[in-house]
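So you know, we letter chains A, B, ... as the sequences are listed, proteins then strands, and number each from 1. Being a predicted model, the structure only gives us computed values, none of them experimental.
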Amino acid sequence: MFARGLFNYPTMGLRHPFAELERMSRQMNQLTQGLFGRPGLGWRPASVFPAINLTEDADSYHVRAELPGIKADALDIQAVGRNLTLSGERTIASEGETVRYHRREREAGKFSRTIGLPGDIDVNKVDAKLANGMLTVTIAKAEAAKPKRITVH
Amino acid sequence: MSDSRELQVKDKQEVAAPAEQTRPGVVFTPDVDIFENDKEITLLADMPGVASEDIAIGLNDNVLSISGEVKPFEEKDESDVLIEFEIGRYSRQFTLSEVIDQGRIEAKHQDGVLRLTLPKAEKAVPRQIAVSAA
């Protein structure tokens, strides 16, 4: 489920003065969850790859995920009902038999993740963009989910 | 390597920087692969969200430093619903044990992965000195 606004800290720089505090509080939460194996209030880290940032504006939802080294054709994005499924595979090409590794931190493998969006979406208006290893999926909100101006007679 | 392995979420690691940052914001260590063969050392670093022109690579004495700036890409009117990963700069330093031919360093950047090729310097070729009899 979505923790709306609870950990609404800025992603770049300081958008508001308590940003750093909120970030620390989130890290503390993560620590205590690790210790007690029990989710804290509201926020729970998803254990499914990839990690996702979901934002919204008046007309659409924006789903972002960090997918370095993944080509666009190795990605499969599907929208059904209110759900968006991201799946794909990250492959790391072999560098030959003769190389000696010092460090090997990058990982390869398959992934698949479905997220439920908080409102109705228009599955025909989904736009996905992959730039510099950052995936941005823009999903138009359904007409019924958009804010409506009501005229008074 | 088995192909069927599932990718797991890894928490981004914050840098314990040797010097304090002048700008606010978080700095992460990029995941890297480093391997070498006889001729060169290759470094691959995952830096998602960093544009090619925002990557800085420096080699000072034998300390290699790579860093990448992430430009904010969220629009002003977007409000956060669910935030699972943080956005910040990337920075990492390595001490190289080999002598590198600095003139032939190559860097490529594709799909958020930086590939840095560091050719080893040619070792001084042993030279035979012939003594001519007078």
Side-chain angles (χ1 to χ4, degrees), chain A residues 2-5 7-9 11-14 19-20 23 30 45-58 61-62 64-71 89-92 94-96 98-112 115 117-118 130-134 136, chain B residues 1-12 14 23-26 29-38 40-52 54 68 70-89 94 97 109-114:
Chain A
F2 297 100
R4 186 181 288 265
F7 294 97
N8 188 4
Y9 58 86
T11 48
M12 285 293 292
L14 293 168
E20 192 63 17
R23 212 170 58 76
Q30 266 173 308
S47 51
V48 185
F49 185 92
I52 276 171
N53 280 3
L54 173 67
T55 59
E56 65 173 339
D57 56 30
Y61 294 108
H62 304 272
R64 293 192 176 83
E66 293 184 326
L67 300 170
I70 295 175
K71 300 255 181 246
E89 183 169 6
R90 183 182 182 185
T91 47
I92 293 179
S94 164
E95 300 291 345
T98 54
V99 296
R100 300 181 296 280
Y101 271 91
H102 294 283
R103 282 167 194 265
R104 206 165 199 173
E105 298 165 357
R106 302 164 69 241
E107 288 174 354
K110 286 184 176 139
F111 62 88
S112 178
I115 56 161
L117 295 162
L130 187 62
N132 296 321
M134 179 72 80
T136 305
Chain B
M1 299 281 120
S2 67
D3 283 345
S4 56
R5 211 175 60 179
E6 296 260 329
L7 276 173
Q8 301 296 319
V9 174
K10 280 201 290 188
D11 278 337
K12 287 168 115 179
E14 261 191 83
R23 276 167 297 169
V26 207
T29 51
D31 283 342
V32 296
D33 281 358
I34 301 177
F35 51 88
E36 66 172 303
N37 59 20
D38 297 337
E40 59 200 19
I41 299 172
T42 307
L43 181 147
L44 294 168
D46 287 348
M47 294 201 279
V50 181
S52 302
D54 296 329
V70 180
K71 291 200 183 98
F73 39 76
E74 285 186 11
E75 305 289 334
K76 283 271 181 291
D77 55 349
E78 286 181 27
S79 57
D80 294 344
V81 181
L82 169 80
I83 298 296
E84 289 180 349
F85 65 88
E86 295 174 65
I87 309 286
R89 288 190 291 275
F94 299 96
S97 50
H109 182 246
Q110 198 181 24
D111 302 325
V113 180
L114 172 74

Any idea which of [options] has the most non-hydrogen atom pairs under 4.5 angstrom with chain B?
options	answer
A/His102, A/Glu105, A/Met134, A/His62	A/Glu105
A/Leu67, A/Ile92, A/Val99	A/Val99
A/Glu66, A/Arg90, A/Glu107, A/Lys71	A/Glu66
A/Ile52, A/Thr136, A/Asp57, A/Thr98	A/Ile52
A/Pro68, A/Gly69, A/Gly133	A/Pro68

Ignoring hydrogens, what is the shortest heavy-atom contact between A/Val48 and B/Val9? Give both atom names and the distance.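 That would be O-CG2, 3.0 Å.
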Which pair of heavy atoms, one from A/Pro118 and one from B/Val81, lies closest together, and at what distance?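 Heavy-atom minimum between the residues: CG-CG1, 4.3 Å.
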Within the structure provided, determine whether A/Arg100 and B/Asp38 are in side-chain contact (heavy-atom separation under 4.5 Å).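 With C-beta onward as the side chain, the pair touches.
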If you define the side chain from C-beta out and look only at heavy atoms, does anything of B/His109 sit under 4.5 Å from A/Asn132?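 B/His109 vs A/Asn132: side chains touch.
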Relative to chain B, which segment of A/Glu95 carries a heavy atom at a distance below 4.5 Å: side chain, backbone, both, or neither?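 A/Glu95 touches chain B through side-chain heavy atoms alone.
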Would you mind checking which part of A/Ile70 comes under 4.5 Å of any heavy atom in chain B, side chain (CB onward), backbone (N, CA, C, O), both or neither?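 Contact with chain B: backbone only.
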Reported CG-to-CD distance for the pair B/Asp77 and A/Glu56, which is rounded to 0.5 angstrom: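 The CD atom of A/Glu56 is 10.5 Å from CG of B/Asp77, to the nearest 0.5 Å.
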Which atoms of B/Leu44 approach chain A - backbone, side chain, both or neither, heavy atom under 4.5 Å: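 Both parts, heavy atoms under 4.5 Å.
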At a heavy-atom separation under 4.5 Å, does B/Val50 approach chain A through its side chain, its backbone, both, or neither?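 The backbone, not the side chain.
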Would a distance-only check, ignoring hydrogens and angles, find a side-chain to backbone donor-acceptor pair under 3.5 Å from A/Asn53 to B/Glu84?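 Yes, because the side chain of A/Asn53 sits within donor-acceptor range (under 3.5 Å) of the backbone of B/Glu84.
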Looking only at heavy atoms and a cut-off of under 4.5 Å, which of B/Asn37, B/Asp111, B/Leu7 has the most pairs with chain A?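 The residue among B/Asn37, B/Asp111, B/Leu7 with the greatest pair count is B/Leu7.
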